[in-house]
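Below, read A as the first sequence line, B as the second, and so on, with proteins coming before strands; counting in each chain starts at 1. The structure presented is a predicted model; accordingly, all values stated were derived computationally and were not measured.
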2 protein chains.
Amino acid sequence: MENENVSKIKEAILRNNEVFDALAELYKVFGDGTRVRILCALTQSEMNVSEISEFLDITQSAVSHQLRVLKTSSLVKSRRSGKTMIYSLADEHVRAIIDCGMEHIVE
Amino acid sequence: MENENVSKIKEAILRNNEVFDALAELYKVFGDGTRVRILCALTQSEMNVSEISEFLDITQSAVSHQLRVLKTSSLVKSRRSGKTMIYSLADEHVRAIIDCGMEHIVE
DNA sequence: AATTTATATGAATATTTGTTCATACATTCA
DNA sequence: TGAATGTATGAACAAATATTCATATAAATT
């Protein structure tokens, strides 16, 4: 019965660790200037890759690479329109997380 | 007068970039499993270095290094009590940011 | 079909970053 | 004062990551 408790505790820790890792992974995505700029740009309106690239003055390649990261993390979504790909925020959580961080910065 | 506008725009971008960088720097700190674990541990109660080290099963040195990062970012504060240093969350923003990320994870 | 425009991607490189190990610093206690 | 305990820190190494460059893929237009 002690063993049972011990294993329960270990499971709990394991579960927590998974949550912690997920949290860290999420924040890691926000932890890059280029990606934060892209996300903030998309906060204002959806944009295609060229527009993001020009607006933020970042290489098209760099933008594409980072959009891939953002999409993999489910922070942005995309749809095709002819030759261009239009990107937008995946949901309101993204805005919420940005705002949350902003509040800490302005102190 | 056009020049004036241009420089205003440039200033605006510059200001924004600084904000973006600050945001990214903040999230970068949250973007590590060890640091998230430490912060979450301190969410429950203040702890000294040894306690954190044992609780999370992380080397004392690694904990100290990360506590330094967390303190530099004003996410934790510390006070001395005899031979030990007691660490706690710097303010409620930390809790808010963690909760904000959690909400996105649980989807 | 060939060309042009928009985007994605792989490889290479440089930089950043986290941990470990050894050791220094600080405080208490004998 | 010397020993013991708790914490901090520097150097070194390994791993992760962002950008660039070249090129591939995809859609539209002629």
Same apolar cluster: A:Met85 and A:Ile38, side chain cutoff 4.5 Å: yes
Send over the distance from [X] [atom1] to [N] [atom2], rounded to a whole Å.
| X | N | atom1 | atom2 | result |
| --- | --- | --- | --- | --- |
| B:Glu25 | D:dA18 | CD | C1' | 14 Å |
| A:Lys71 | C:dT7 | NZ | P | 13 Å |
| B:Ile86 | C:dA26 | CD1 | P | 19 Å |
| A:Leu67 | C:dA8 | CG | C1' | 10 Å |

Earlier contact from the 5' end, DNA chain D, for A:Ile58 and A:Arg80: A:Ile58
Which of these nucleotides, [options], is closest to any side-chain atom of [X]?
| X | options | value |
| --- | --- | --- |
| B:Thr34 | C:dA11, C:dT5, C:dT19 | C:dT19 |
| B:Gln66 | D:dA26, C:dA8, C:dG18 | C:dG18 |
| A:Met85 | C:dT7, D:dA8, D:dA27 | C:dT7 |
| B:Lys83 | C:dT28, D:dT7, D:dT20 | C:dT28 |

Can you tell me if [X] touches the phosphate of [N], counting only side-chain N or O atoms and a distance under 4.0 Å to OP1 or OP2?
| X | N | value |
| --- | --- | --- |
| B:Lys28 | C:dT17 | yes |
| B:Tyr87 | D:dA8 | yes |
| A:Arg68 | C:dT9 | yes |

Neighbours of DNA chain D within residues 35-54 of chain B, by heavy-atom distance under 4.0 Å: B:Asn48, B:Val49, B:Ser50
Main-chain N/O of A:Leu39 paired with A:Thr43 side-chain donor or acceptor, under 3.5 Å: yes
Any side-chain donor near an acceptor of the partner, B:Lys77 and B:Ser88, under 3.5 Å: no
Between B:Glu54 and B:Ser50, a side-chain donor and acceptor under 3.5 Å: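 Short answer, no.
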A:Arg37/B:Asp21 ion pair, N-O < 4.0 Å: yes
Sole residue of A:Leu67, A:Val29, A:Leu89 in side chain to side chain contact (heavy atoms under 4.5 Å, CB included) with A:Leu75: A:Val29
Measure distances between side-chain N and O atoms of [X] and base N and O atoms of [N], and say whether any donor-acceptor pair falls under 3.5 Å.
| X | N | answer |
| --- | --- | --- |
| B:Gln60 | D:dA8 | yes |
| B:Ser61 | D:dT9 | yes |
| A:His65 | D:dT20 | yes |

Sugar-phosphate only, base, or nothing, as touched by B:Ser64 at under 4.0 Å among non-hydrogen atoms: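 If one applies the 4.0 Å heavy-atom cut-off, B:Ser64 turns out to touch a base.
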A:Arg68 atom CZ: more than 12 heavy-atom contacts under 6.0 Å: no
